[in-house]
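These notes are about the structure you will find just below.
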Amino acid sequence: MTIGSSKKRQRVLPTSTSTPSSSSSTISSATTPTTTATTTTTTTKPLFNDRNSGDVAIRLFFELSPFDSSPTAIPPFTPTSTNENNSIFENGIQTQIYLHSHVLHRSKYFSALLSDRWQTQTQSQSQNQTQKPLKLNLGIPPTPTSLQSYRTVLQLLYTPDLSNSIDSVSTALDLLPIALELLFEDLVKSCVTYLESVPWTEAEEQRVLSIVPFLKQDESQELLSRLSPSATESDASEEMLHSLVSSAINTYPNMAFVKAFVAKLLRDYSSRESAKRVLEAEFEKCIGVVKESLEDYSSPDFRGDHNETEAIQRLNLHKAMTNGKHLLWLIERMIELRVADFAVKAWSEQASFTADLQRAFRDDAWRNIVPGLPAVVLRCTSKLANAVAAGTILASKQVRKKLVKEWLPVLIVCKDNVSPMSPSNKSLYLELEETLLRIISTLPMSDSQELLQQCLSFSTRNVDDCPHLLTAFNTWFRRAARPPQTDDLC
């Protein structure tokens, strides 16, 4: 529909490109439409599509886009009635509906169309002719549902209370573009109110998004607040993700299915950078708590009775254990998303932390309080070290060296002080030993020589039980036997 005014309401919507033709409209010669409307409404209530009393005849026709003039673009339509009081069909693509001018004034478009400035005949000319309805043309898009939707909107002009007229999202989305084109404000408000109040499917949401630009600001405000964050909430997605991760590891520490659900959300999240920032922030928070707890345990500064001191020490160990489990889950997520570079670098720079761990594990107190703490800490180390050795994380030479240098002593202390060794711990230790030896093999000869000598504790009574250690030393000696490479290869 081509509308002359520049108001927002009068912009053409993508779902409806109809063009009413004012040039083809004719005015009744016997009397004006306003006079006719007055005489009919004083006697009986106007009826929709009443040929006997209607003073305006609107011809609905399928109007092809100028970019597609092919007749195949017009959907097939079969008339269901030939009664003279109902619609008149021509070639199945147009219909004529009889309406009342005083009812049409409810639409600002028709109100303007029926104003005096649109009338081309004078009052004196009209009085010499018999009474005829004013004829208007209204082009509608050639879609299977457009004819019924336009008829419904015109019929709703006769409904004083529209609050119960919209019964589904699809109905609201079909009628709203037409209501906007015809400037039928009451219907626009009803459609928008309904859309604000009910859920949408993904397809329906896309249709809402296409219509929102044509709504007034006050009408679109509620819909927009539901469709996207405001300017002040530009980081809403990241904040939401951070809250979910924090809840998964703090609020639900023992609920594996919650962590599994959040892990799935992280895998499917569209922005890897946002997920990386969220996980790194939570990683820093957790490792900070673990470090502080171990520091307080290893270097106590208490002034009180023995029972109070013991209780505080227990609390420190339990806090370290709980947050150590959170840390392990975060490391697994970071490795899974291939965003663990920060974690590896941070883990390799924990000289004071590893020193506190060694002091704590040489003490016997932790055994009866948190017997699983060494395994949790070493699993964190093993996950990160495996990612480095496998090339999942490309760490620099300095990071690789520091990772082995800081955590190798912790592994040795755990092996020496955790007794009896359970099968699961033995498997963990062997895996971490082999991984650290693989990382050592990536270092310069001088660095690997220094670190390999600290790995002699990996050997066992039976030499055949430590093939990883034999392989590491044999590799180093084989490389050491090669002649030095000179700079001049000519």
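For Tyr429 and Glu434, the side-chain atoms include no donor-acceptor pair closer than 3.5 Å. In this structure, a donor-acceptor pair under 3.5 Å is present between the side chains of Tyr297 and Asp363. There is a side-chain donor-acceptor pair under 3.5 Å between Thr442 and Arg400.
Every pair passing side-chain hydrogen bond (donor to acceptor under 3.5 Å, both in side chains) that includes a residue from residues 472-483 is listed here, sequence neighbours excluded: Ser448-Trp476. Pairs passing the side-chain hydrogen bond (donor to acceptor under 3.5 Å, both in side chains) check and including a residue from residues 260-270, sequence neighbours excluded, read Lys264-Asp268, Arg267-Glu336. Screening residues 375-398 for salt bridge (charged side-chain N to carboxylate O under 4.0 Å, His left out) gives Glu332-Lys383 as the qualifying pairs, with residues at least two apart or on separate chains. Sorted by first then second residue, the ring pair (Phe, Tyr, Trp, His ring centres under 6.0 Å) pairs that include residues 339-359, not counting sequence neighbours, are Trp347-Trp407, Phe353-Trp407.
Heavy atoms only, all atoms of each residue included: Cys191 and Ala172 are closest at SG-O, 3.8 Å. In plain terms, the two heavy atoms of Leu428 and Ala375 that are nearest each other are CD2-O, 3.7 Å. Among all heavy-atom pairs drawn from Ser293 and Lys319, the shortest one is OG-CD, 3.1 Å. Arg207 approaches Ser170 most closely through the heavy-atom pair NH1-O, 4.4 Å. Listed here is the closest heavy atom pair of Leu469 and Leu456: CD2-O, 4.3 Å.
For Glu238 and Arg277, the salt-bridge test passes: some basic side-chain N is under 4.0 Å from an acidic carboxylate O.
Taking Phe361 as the reference, Trp366 meet the ring-ring contact (aromatic ring centres under 6.0 Å, His included) condition, with sequence neighbours excluded. Among residues two or more places apart in sequence or in another chain, the salt bridge (charged side-chain N to carboxylate O under 4.0 Å, His left out) test is passed with Arg438 by none.
Here the NZ-CG distance, from Lys401 to Leu451, works out to 7.0 Å after rounding to the nearest 0.5 Å.
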